[in-house]
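This report refers to the structure that appears directly beneath it.
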2 protein chains.
Amino acid sequence: MESRCENCIVRQFNSLRAMSKEELKQVSDSKTTKTIKKGQPIFEEGEKLNGVYCVRNGVSKLSKLSANGKDQIVKLASKGEVLGQRSVVSEESANLSAIAVEDMEVCFIPKESINNTLQKNPNFTLEVLRHMAHDLKEADDVIVNISQKTVKQRMAEAFLYLQNNFGEDADGFLALTLSREDISNVVGTATESAIRIISEFKKKGLIHTSGKKIGIKNQQKLLEMVEGF
Amino acid sequence: MESRCENCIVRQFNSLRAMSKEELKQVSDSKTTKTIKKGQPIFEEGEKLNGVYCVRNGVSKLSKLSANGKDQIVKLASKGEVLGQRSVVSEESANLSAIAVEDMEVCFIPKESINNTLQKNPNFTLEVLRHMAHDLKEADDVIVNISQKTVKQRMAEAFLYLQNNFGEDADGFLALTLSREDISNVVGTATESAIRIISEFKKKGLIHTSGKKIGIKNQQKLLEMVEGF
DNA sequence: ACCAGTAACTGATAAATATCATATTTTTAA
DNA sequence: TTAAAAATATGATATTTATCAGTTACTGGT
């Protein structure tokens, strides 16, 4: 069953809410829905994008691979986020790969619909601009964090980030379960280092784990650690 | 002597070129020109900005201070760049400080002129959006670089970046002269480490120096170093 | 021209982090 | 279900990078 953008809740979270009825109708008519399995790419670095992807469900990592095979996760995107917008706006190929870290449902919206609205509806353009401004601020903050905080501090911060942005499940574990490797790629460290720090945090009673699931036990101490106490 | 935006060359490099005659006139009438001495701030992190600053001359570093007193330079902005745009667009206080690394001449444009045009002229908004998209790509690339390259590689990259973006003087030195401390803050390392690597590069014949000026001697080798050979 | 004060530099050492090796656990697929 | 593969975990060690301490070289102001 294909649903209409007009009735889609995730639209409330992104720039599509600034579209007019007619524009939205056009988007809805031209969009296609895709299912992406965990581990599969939505698009990859260097690829030319013919549109943007609106996330309905699941979580995607936006990352870039380096020569030595490690990749750095720049952002985690979930429900409501629009992927590929930067590439479409600047008419460049994708700078990052988008890979599902959970099974996903996304809507593909051809770039024509987007470009058309960008040129005609200043409210929409401004809304996209605001989102991009927010992403830029976050990216700047990541730069400062990586270069000024220790791996331990960044690990603590990552757990708090996951708690804030993706919440916890009924058993008190972080709702978004990442592999140890993905965690290390968010933090920007070696996988073994990330694992070691997880063990250390566990011993200190800051977190608890069950398999790959991680739960926060002492939020306060983690916060203090981020601040450098 | 106050010149008019309509005749200003630096406008060609930024989003103001998408403004209409009338909009430009309004900007020109409301703008004020400021001189900033080397080392002085244009604005500082946390400050509420009442407008944007268009760089006519000189170079500014955009950086963020950490608790321990080190600051990370996120971007270097020169002729034609518009500073504070992100803050004005998202109606937040400045995320970064802008400090002159050379004597500067900037035009202050009140945010009313900008906001007004943003709401009415989709071409202008789109142009601002494209610039922000470009900045975001660059920021993402910095994240990946910092986390995946060694300090030595990032130092090599920084010199090539300075060469590409600011050129060289008549004697073959980089036209933009930064203090060793600023270099270390661009690269994200300790000042002593930066100095040590400069010495090493000098011994290896990759660069030459004279006082704080640095010249590139072997671009090819620097490039190979960045790539990890 | 001189004399603070700052910036550049160098060495010794400590700390943080990555890498390599290997064991153990968990997941996957036949 | 069970063997193989992949992910997690831990120890030993190497490497990178930061920190501390001290020296030398510039620079701006009187």
Side-chain angles (χ1 to χ4, degrees), chain A residues 37-40 61 66-72 101-103 145-158 173-174 177-204 207-215 225 228, chain B residues 37-40 61 66-72 99 101-103 145-156 158 173-174 177-204 207-215 225 228:
Chain A
K37 278 251 169 312
K38 177 175 171 173
Q40 298 274 302
K61 59 177 173 182
S66 76
N68 59 36
K70 282 213 55 170
D71 72 346
Q72 173 65 29
V101 293
E102 287 179 345
D103 288 353
N145 268 336
I146 288 194
S147 76
Q148 298 191 337
K149 294 198 170 130
T150 64
V151 173
K152 219 173 279 185
Q153 287 178 303
R154 274 141 53 203
M155 285 287 291
E157 194 163 47
F173 291 106
L174 294 172
T177 303
L178 295 175
S179 70
R180 302 299 194 249
E181 192 182 359
D182 278 341
I183 292 175
S184 76
N185 289 341
V186 166
V187 168
T189 190
T191 306
E192 296 95 322
S193 298
I195 290 173
R196 242 180 273 279
I197 289 169
I198 289 172
S199 301
E200 191 190 321
F201 283 6
K202 225 160 57 172
K203 271 197 205 109
K204 286 190 184 159
I207 61 174
H208 56 117
T209 68
S210 165
K212 51 176 55 178
K213 282 188 290 184
I214 292 174
M225 178 167 281
Chain B
K37 280 252 167 313
K38 178 175 170 173
Q40 298 274 302
K61 60 178 173 181
S66 76
N68 60 36
K70 282 214 54 170
D71 72 346
Q72 172 65 30
I99 295 169
V101 293
E102 286 179 346
D103 288 352
N145 268 337
I146 288 194
S147 77
Q148 298 192 335
K149 294 196 170 130
T150 64
V151 173
K152 218 172 280 183
Q153 287 177 303
R154 273 142 51 203
M155 284 289 290
F173 291 105
L174 294 172
T177 303
L178 294 175
S179 69
R180 302 298 194 247
E181 193 182 358
D182 279 341
I183 293 176
S184 75
N185 290 341
V186 167
V187 168
T189 189
T191 307
E192 296 95 321
S193 298
I195 290 173
R196 243 179 271 277
I197 289 170
I198 289 172
S199 302
E200 190 190 321
F201 283 6
K202 225 159 59 172
K203 272 197 205 112
K204 286 190 183 159
I207 61 175
H208 56 119
T209 68
S210 165
K212 51 177 57 178
K213 282 188 291 183
I214 292 174
M225 178 168 280

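The chains referred to below are lettered A, B, ... by the order of the sequence lines, with proteins before strands, and numbering in each begins at 1. Hydrogens, waters and symmetry mates play no part in the numbers below; they use all other heavy atoms, side chains included.
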Can you list everything that forms a side-chain contact (heavy atoms from CB on, under 4.5 Å) with [X]? Sequence neighbours excluded, please.
X        : value
B:Lys203 : none
A:Ser147 : B:Gln72, B:Ile146
B:Lys38  : B:Asp103
A:Ser193 : A:Thr189, A:Ala190

Using the 3.5 Å cut-off, write out each protein N or O paired with an N or O of nucleotides 6-8 of chain D and the distance between them.
{"from": "D:dT8", "atom 1": "OP1", "to": "A:Arg180", "atom 2": "N", "distance (Å)": "3.3"}
{"from": "D:dT8", "atom 1": "OP2", "to": "A:Arg180", "atom 2": "N", "distance (Å)": "3.3"}

Just the rounded figure in Å: distance from [atom2] of [N] to [atom1] of [X].
X        : N      : atom1 : atom2 : answer
B:Phe201 : C:dC9  : CZ    : C1'   : 17 Å
A:Glu200 : C:dT17 : CD    : C1'   : 13 Å
B:Ile197 : C:dA8  : CD1   : P     : 15 Å
B:Lys38  : D:dG28 : NZ    : C1'   : 12 Å

Are the side chains of A:Arg154 and A:Val186 in contact, using a 4.5 Å heavy-atom criterion?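 Of all side-chain heavy-atom pairs linking A:Arg154 with A:Val186, none is under 4.5 Å.
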
According to a strict under-4.0 Å criterion, is B:Ser193 in side-chain N/O contact with OP1 or OP2 of D:dA18?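 Checking B:Ser193 against D:dA18: at least one side-chain N or O falls below 4.0 Å of OP1 or OP2.
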
For A:Ser210 versus A:Phe173, what's the shortest heavy-atom pair and its separation?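 In terms of heavy atoms, the two residues are closest at CB-CZ, 3.6 Å.
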
What's touching nucleotides 20-22 of chain C from the protein side, N or O pairs under 3.5 Å?
{"from": "C:dC20", "atom 1": "N4", "to": "A:Glu192", "atom 2": "OE2", "distance (Å)": "3.4"}

So, the side chain of B:Gln153 versus the backbone of B:Thr150: is there a donor-acceptor pair under 3.5 Å, distance only?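 Flag set: sc B:Gln153 to bb B:Thr150 pair under 3.5 Å.
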
From A:Ile214 CD1 over to A:Ile198 CD1, what is the distance, rounded to the nearest 0.5 angstrom?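 Going from the CD1 atom of A:Ile214 to the CD1 atom of A:Ile198 covers 4.0 Å.
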
Nearest 0.5 Å please: distance from the CG atom of B:Asn185 over to the CD atom of A:Gln148.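 Between B:Asn185 CG and A:Gln148 CD, I get 8.0 Å after rounding to 0.5 Å.
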
Contact list for residues 181-191 of chain B, test salt bridge (Lys or Arg N to Asp or Glu O under 4.0 Å), sequence neighbours left out: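 Salt bridge (Lys or Arg N to Asp or Glu O under 4.0 Å) check on residues 181-191 of chain B returns B:Lys61-B:Asp182.
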
Tell me, which pairs form a salt bridge (Lys or Arg N to Asp or Glu O under 4.0 Å) where one or both residues lie in residues 185-202 of chain A, sequence neighbours left out?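 Listed once each, the pairs are A:Lys152-A:Glu200, A:Glu200-A:Lys204.
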
Among residues at least two apart in sequence or on other chains, which ones pass salt bridge (Lys or Arg N to Asp or Glu O under 4.0 Å) with B:Lys149?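 Only B:Glu157 meet the salt bridge (Lys or Arg N to Asp or Glu O under 4.0 Å) criterion with B:Lys149.
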
Among all residues two or more places apart in sequence or in another chain, which pass the salt bridge (Lys or Arg N to Asp or Glu O under 4.0 Å) test with B:Asp71?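 B:Asp71: no salt bridge (Lys or Arg N to Asp or Glu O under 4.0 Å) contacts found.
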
Please give the angle, rounded to 10 degrees, between the axes at the start and the end of the helix from C:dA1-D:dT30 to C:dA30-D:dT1, where five pairs define each axis.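 It works out to 60° between the end axes.
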
Strand-adjacent residues in residues 146-157 of chain A, judged by heavy atoms under 4.0 Å from DNA chain D: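 By residue number: none to list.
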
